[in-house]
Amino acid sequence: MNIEVDLVPKDERKPKPSDVLQVAFGTVFTDHMFSMSHSGTEWTDARIHPYGPLSLSPAALCLHYGQGIFEGMKAYCRGDRVLLFRPEKNFERLNESARRMVMPEIDEAFALHSLKELLNIERSWVPDVPGSSLYIRPTMIGTEPKLGVKPSSEYLYYIILGPVGPYFKEGFAPVKIYVSDRYVRAVRGGTGAAKASGNYAAGLLAGTDATKVGYSQVLWLDALENRWIEEVGTMNLMIRFDDEIATPPLTGTILPGITRDSVLTLIKDYGMNVKERMVSIDEVIEGIKSGKVKEIFGCGTAAIIAPVGFLWYKDTPYEVANGKIGELTQRLFDELIGIQSGELEDPHDWVVPID
Ligand SMILES: *Cc1c(COP(=O)(O)O)cnc(C)c1O
C-alpha cells in the first residue's frame, strides 16, 4: 500500500523540548503521525500527516465498549542512525492483541515499513541525550458509530511519537510498589495477555489505594487465590532468591513482555539460574525478611529496568535488600540500554536501524 504524505510547513513545526530529560513521560508529541483505516474488508488510506485531534463519532464503539489496543516501543539515536529494538515483536503482539479483541490484523511487514517512514520524517525528534529516546505508540480502535455490543466494522490504526526522558521521575532509582490484595487485574481466560486499553482502566482504582500510602505502582496478584505474583502496572517482575532468578510464567493473565523475554535471554547468557515459575507473595515476603531475596526488579519498554526498593503488603512496608540497587539489576539495565542505544554489541541481532 502506498503511503500518502502531507507535511507540516517547516516554519510551523513545534519547537523541540530544551531539556528532554525533564519532559514528563508521554506529554510531548512530534509534528506528524501515521494513520490508516479499515472499512471492514481491508486497510486503506495510509497517510503520514500533521499530528492532531481525531474526528470520531460520539457513538464510536471504542468509546463505549473499549475495543482498543496499543503497543509501546522506543527509537534511539546513535550518531546519524535511528535504532529500533525488536520492533517485529511489537507488531506480532499487536496482532495477538487484535485477535483477542476481535479486531483486524495488520500486515507486520507493512506496519514496520510505515513506522520507519514516519521515523524518517521525524528523525530530528529522536533525542540523543543519554537516558532519552523517542517513545512510539501504535494504537488501534474500533470506530464504527453504533451503540451495540459487537465487534466494530470499522477501525482506525495510528502511530504517534514523543520524546521522553526516564519513565520514573526519580530516574534509575528504587521504586516503591504496592501489592494489591483487594483488586485484581486479570483472570485466566480474560484479556490480561493483550495490550488492551480496558485492562488499564480496570487497574486505576488499585492505583489510588497505592497513592494513599505514597506508592506509585501496583503489583498484581492472581485473581483466584490472591497469592501468586503476576506483574506490575506496566512491567513484568523478576525476583532474585539467592542464586535463582524467578519470574511468573506466561499463563495468559500477564503481558508477554518483550523486555521480559530479552532479560531472560541475557540472564541465560550470563550462565545464571533463571526459572519461569509461580512465585507466591508469601515466599517473597519471607525471603525479604530472611535476606534470601537479593533483588527485585521490574522490566518493560517504558522504564527498561526498574529496581524495586519497597513492597507494601497488607498495611506493612518491606524494604527490599536495604533499598539498594542490586548487582544483576544494574548489569541488566546497563546492558539493555547499551544494546538499545547502539553503544554495546548486539549478539542477538535485536537492534533494527530504520534504514
Ligand atoms: C507493556 C506492558 C509490559 C511490558 O512489555 P514490554 O514489551 O517489555 O514493553 C508489561 N506489563 C504490562 C501490563 C504492559 O502493558
Side-chain angles (χ1 to χ4, degrees), residues 20-21 25 72-74 76-78 83 85-86 127-133 135 164-178 215-217 219 229 231-248 257-276 279 284 287-312 317-348 350-351:
V20 62
L21 298 178
F25 195 93
M73 53 217 285
K74 282 176 171 172
Y76 290 84
C77 177
R78 167 85 174 141
L83 308 177
F85 184 72
R86 309 185 76 184
D128 60 0
V129 187
S132 70
S133 58
Y135 188 73
V164 296
Y167 185 62
F168 295 115
K169 57 180 183 312
E170 305 86 351
F172 184 63
V175 293
K176 298 165 104 181
I177 292 192
Y178 178 94
Y215 278 51
S216 52
Q217 300 287 309
L219 169 60
I229 302 276
E231 63 176 324
V232 184
T234 59
M235 303 186 287
N236 295 110
L237 200 71
M238 308 244 166
I239 303 117
R240 178 173 181 182
F241 298 98
D242 290 326
D243 290 328
E244 183 210 29
I245 299 101
T247 195
I258 296 159
T259 318
R260 175 188 182 278
D261 182 75
S262 310
V263 162
L264 289 176
T265 304
L266 290 177
I267 298 177
K268 285 174 197 156
D269 288 354
Y270 300 161
M272 296 173 84
N273 172 23
V274 57
K275 283 213 182 74
E276 293 175 69
V279 179
V284 174
I288 291 175
K289 287 187 193 156
S290 71
K292 198 170 155 57
V293 167
K294 300 297 186 218
E295 42 194 312
I296 303 181
F297 58 92
C299 49
T301 297
I304 309 175
I305 301 286
V308 175
F310 277 94
L311 282 186
W312 181 285
Y318 296 91
E319 194 178 26
V320 180
N322 303 315
K324 286 203 280 288
I325 295 175
E327 197 187 314
L328 177 65
T329 308
Q330 183 74 52
R331 182 179 181 186
L332 286 165
F333 178 76
D334 293 343
E335 178 145 23
L336 260 183
I337 208 163
I339 294 173
Q340 292 173 340
S341 58
E343 300 290 328
L344 290 181
E345 207 196 317
D346 172 24
H348 299 283
W350 284 335
V351 170

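Nothing here was measured: the structure is a model prediction, and the numbers come from that model.
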Can you name the ring-ring contact (aromatic ring centres under 6.0 Å, His included) partners of [X], sequence neighbours left out?
X      : result
Tyr270 : none
Phe241 : none
Tyr76  : none

Show, in sequence, the C-alpha distance, side-chain angles and deciding distance for Val308 and Glu295, and conclude whether the side chain to side chain contact (heavy atoms under 4.5 Å, CB included) test is met. CA-CA 8 Å; Val308 175; Glu295 42 194 312; over 6 Å; no
Residue pair [X] / [Y], side-chain heavy-atom distance below 4.5 Å:
X      : Y      : value
Ser132 : Leu21  : yes
Pro307 : Phe172 : yes
Val175 : Val232 : no
Ile325 : Pro174 : yes
Ile239 : Thr247 : no
Ile296 : Arg240 : no
Trp350 : Ile339 : yes

Do the side chain of Lys294 and the main chain of Gly291 share a donor and acceptor less than 3.5 angstrom apart? yes
Looking only at heavy atoms, what is the nearest atom pair of [X] and [Y], with distance?
X      : Y      : value
Phe25  : Ala302 : CZ-CB, 3.9 Å
Met238 : Cys299 : CE-SG, 4.0 Å
Cys77  : Pro127 : CB-O, 3.4 Å
Met235 : Ala306 : SD-CB, 3.6 Å
Glu231 : Leu219 : O-CD1, 3.5 Å
Ile288 : Val293 : N-CG2, 3.7 Å

Mind checking the [atom1]-[atom2] spacing from [X] to [Y]? Nearest 0.5 Å is all I need.
X      : Y      : atom1 : atom2 : result
Glu335 : Glu345 : CD    : CD    : 9.5 Å
Ser216 : Lys176 : OG    : NZ    : 8.5 Å
Asp334 : Glu343 : CG    : CD    : 12.0 Å
Ile305 : Tyr167 : CD1   : OH    : 14.5 Å
Leu83  : Ser133 : CG    : OG    : 11.5 Å
Ile267 : Leu328 : CD1   : CG    : 5.0 Å

Would you give me the side-chain donor-acceptor pairs under 3.5 Å for residues 258-265, sequence neighbours excluded?
from   : atom 1 : to     : atom 2 : distance (Å)
Thr259 : OG1    : Thr301 : N      : 3.2
Arg260 : NH2    : Pro248 : O      : 2.9
Arg260 : NH2    : Glu276 : OE1    : 2.8
Asp261 : OD2    : Arg86  : NH1    : 2.9
Asp261 : OD2    : Arg86  : NH2    : 3.0
Ser262 : OG     : Arg86  : NH1    : 2.9
Ser262 : OG     : Ile258 : O      : 2.7
Thr265 : OG1    : Asp261 : O      : 2.9

Sort and list the pairs that fulfil salt bridge (charged side-chain N to carboxylate O under 4.0 Å, His left out) and have at least one residue in residues 262-275, not counting sequence neighbours.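 Pairs touching residues 262-275 that pass the test: Glu244-Lys275.
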Residue pair Tyr318, Phe310: steps toward the ring pair (Phe, Tyr, Trp, His ring centres under 6.0 Å) verdict: CA-CA 5 Å; Tyr318 296 91; Phe310 277 94; 9.6 Å; no
Does Tyr135 have Lys74 sitting over its ring (NZ/CZ under 6.0 Å from centre, angle to axis within 45°)?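 Verdict for Tyr135: no cation-pi partner in Lys74.
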Near Glu327 CD, under 6.0 Å, is it more than 12 heavy atoms from other residues, nucleotides or ligands?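 Counting neighbours around CD of Glu327, 12 or fewer heavy atoms of other residues, nucleotides or ligands fall under 6.0 Å, so no.
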With sequence neighbours excluded, what pairs up with Tyr215 under the side-chain hydrogen bond (donor to acceptor under 3.5 Å, both in side chains) test?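 Expected list: none.
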Apply side chain to side chain contact (heavy atoms under 4.5 Å, CB included) to Trp312 and Ile177, showing your working. CA-CA 6 Å; Trp312 181 285; Ile177 292 192; over 6 Å; no
